[in-house]
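Right, one structure below, let's go through it.
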Amino acid sequence: MSGSFPPAGEPAREPVQPGPATLVFDAPFADRTQWAAGASSAYPPGGVSSGDNKLDRLVPGYGPDGDLFTAVRESAYRWRTPLVTTENTQGGFELLPGDLLEAQCLLTAAQGGWPALWTWGRDLAGGRPQPGHGEVDVFEYHDDHPRLLELSNHVRPGDPAYIDDLVTPGQWFTVGCRFDPDSVRWSVDGQQVHADGRGVGADWRAWIIVNLSVAAGQWGHRRPRPETRRLSWRCRELRVYRAR
């Protein structure tokens, strides 16, 4: 496995709980009534997204091992990559405006890995897509800037935030994202690090996606080393709180 993981110990700080709010989602990734593995309408049919600088091939049923998401090399140009989502599940959970999502994460700076936690929304009436397909990137991560997280709102887009010195490879951290109608607010270990002043509006609704892509070498993001066969990251304790 490329990179090394410490044991699943406790992160440095506990998640900060919101003010009067209710825990509305707290399902382990193994719960197939709440999470679907290996398929998302965010990907083209067949689960291959080479046009988006990805070497991914989503495989139905190929999900994480507990909290560990692992991509496996199939060839020089294709990796079997894990993805879980609340889309097309029995529970059908969707985020709503005002919700707060928190998760505990552990990253390594393994070349080519592209961990991400993000959202994707259902179509509106008449088959019209939501603005930005309902996508908000809670974070994206690349090894070329190993302490930096990419934070972006595609619903009411502005300039993405590229914020350095937020994380340390090999150390647990808690990421939070509050999807308010007038501003999306991101936090790391309980401290707000960015607010975009745009928000998601009053009608936004979106599924959760947790995945590991593999970079194809464009946009300054390096491909995996030729000898690398596996890439991994960890995500656990993903929870959503809703204002009462």
Side-chain angles (χ1 to χ4, degrees), residues 8-37 40 42 63-69 82-107 115-122 130 134-141 149 151 153 155 166-167 171-196 199-212 233-244:
E10 289 303 313
R13 298 175 60 174
E14 289 298 314
V16 175
Q17 305 300 334
T22 301
L23 178 66
V24 293
F25 187 82
D26 182 19
F29 296 126
D31 184 346
R32 289 296 180 253
T33 68
Q34 302 296 328
W35 293 101
S40 167
D65 178 12
D67 64 4
L68 182 65
F69 289 74
L83 177 148
V84 294
T85 176
T86 58
E87 180 183 3
N88 293 326
T89 61
Q90 179 180 331
F93 180 80
E94 290 179 294
L95 293 158
L96 299 177
D99 283 357
L100 169 66
L101 183 153
E102 291 184 329
Q104 297 175 5
C105 305
L106 187 148
L107 306 167
L117 171 53
W118 46 300
T119 72
W120 190 259
R122 68 171 64 241
Q130 284 195 64
E135 180 180 354
V136 176
D137 297 322
V138 177
F139 79 85
E140 297 181 79
Y141 178 84
L149 296 181
L151 319 171
N153 176 2
V155 180
L166 289 185
V167 298
Q171 293 186 13
W172 287 96
F173 66 95
T174 297
V175 64
C177 191
R178 189 188 297 273
F179 309 94
D180 285 337
D182 58 351
S183 188
V184 179
R185 296 173 171 85
W186 289 264
S187 65
V188 172
D189 289 333
Q191 300 298 313
Q192 182 171 296
V193 297
H194 181 61
D196 68 0
V200 294
D203 300 322
W204 175 81
R205 55 197 293 183
W207 301 295
I208 306 169
I209 297 178
V210 188
N211 78 308
L212 173 59
W233 74 290
R234 291 187 185 273
C235 179
R236 68 181 188 186
E237 303 297 330
L238 190 153
R239 294 169 178 160
V240 177
Y241 300 90
R242 183 163 294 162
R244 293 175 184 168

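A side-chain donor-acceptor contact under 3.5 Å links D31 to the backbone of T33. Formation of a donor-acceptor pair under 3.5 Å by the T85 side chain with backbone atoms of I208 is found in this model. The main-chain N or O of V200 is never found under 3.5 Å from a side-chain atom of N153 such that the two would form a donor-acceptor pair. Side-chain N or O atoms of T86 include one that pairs as donor or acceptor with a backbone N or O of F93 at under 3.5 Å. With hydrogens and angles disregarded, no donor-acceptor distance shorter than 3.5 Å links the side chain of D189 to the backbone of F173.
Atom SG of residue C105 and atom CZ of residue R234 lie 12.0 Å apart, to the nearest 0.5 angstrom. Annotation: the span from T89 atom OG1 to E94 atom CD amounts to 9.0 Å, rounded to 0.5 Å. A distance of 9.5 Å separates CG in L83 from CH2 in W35, rounded to the nearest 0.5 Å. Atom CG of residue L23 and atom CD of residue E102 lie 10.0 Å apart, to the nearest 0.5 angstrom. Distance check, rounded to the nearest 0.5 Å: CZ of R239 to CG of L101 gives 11.5 Å.
Annotation: side chain to side chain contact (heavy atoms under 4.5 Å, CB included) contacts of S187 (sequence neighbours excluded): none. Residues satisfying the salt bridge (Lys or Arg N to Asp or Glu O under 4.0 Å) test with D137, not counting sequence neighbours, are none. Judged as a side-chain hydrogen bond (donor to acceptor under 3.5 Å, both in side chains), and not counting sequence neighbours, Q192 has no contacts. Listed by chain and number, the residues in a side-chain hydrogen bond (donor to acceptor under 3.5 Å, both in side chains) with R32 amount to none (sequence neighbours excluded). Residues satisfying the salt bridge (Lys or Arg N to Asp or Glu O under 4.0 Å) test with D99, not counting sequence neighbours, are R242. For Q130, there are no side-chain hydrogen bond (donor to acceptor under 3.5 Å, both in side chains) partners at least two apart in sequence or on another chain.
Remark: the W118 side chain and the N211 side chain contain an N/O donor-acceptor pair separated by less than 3.5 Å.
Residues F179 and T119 are in side-chain contact: their nearest non-hydrogen atoms beyond the backbone lie under 4.5 Å apart. Using a 4.5 Å heavy-atom cutoff, the side chains of F69 and V84 are in contact. Side-chain contact check for L149 versus L107: some heavy-atom pair is nearer than 4.5 Å. Using a 4.5 Å heavy-atom threshold, the side chains of F139 and L151 count as touching. Taking the side chain as every heavy atom from C-beta outward, L117 and L238 approach each other to under 4.5 Å. Within the 4.5 Å cutoff, the side chain of W233 has no heavy atoms near those of the Y141 side chain.
Residues D180 and G98 come closest through the heavy atom pair OD1-CA, 3.6 Å. Taking every heavy atom of both residues into account, A206 and G134 meet most closely at CB-O, 3.8 Å. The two residues L96 and R205 have their closest heavy-atom pair at CD2-CB, 4.0 Å. For G63 against A37, the heavy-atom pair with the smallest separation is CA-CB, 4.0 Å. Residues G121 and W207 approach most closely at C-CZ3, 3.6 Å, considering heavy atoms. Here the closest non-hydrogen pair linking I209 and A42 is CD1-CB, 4.2 Å.
In this structure, D182 places its CG atom where more than 12 heavy-atom neighbours from other residues, nucleotides or ligands lie under 6.0 Å away. The number of heavy atoms from other shown groups lying within 6.0 Å of CG (D203) does not exceed 12.
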Worksheet item: What do the steps show when you test D67 against C235 for side chain to side chain contact (heavy atoms under 4.5 Å, CB included), and what is the final call?
Response: CA-CA 5 Å; D67 64 4; C235 179; 5.8 Å; no

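With W172 as the aromatic partner, R236 meets the cation-pi criteria of under 6.0 angstrom to the ring centre and within 45 degrees of the ring axis.
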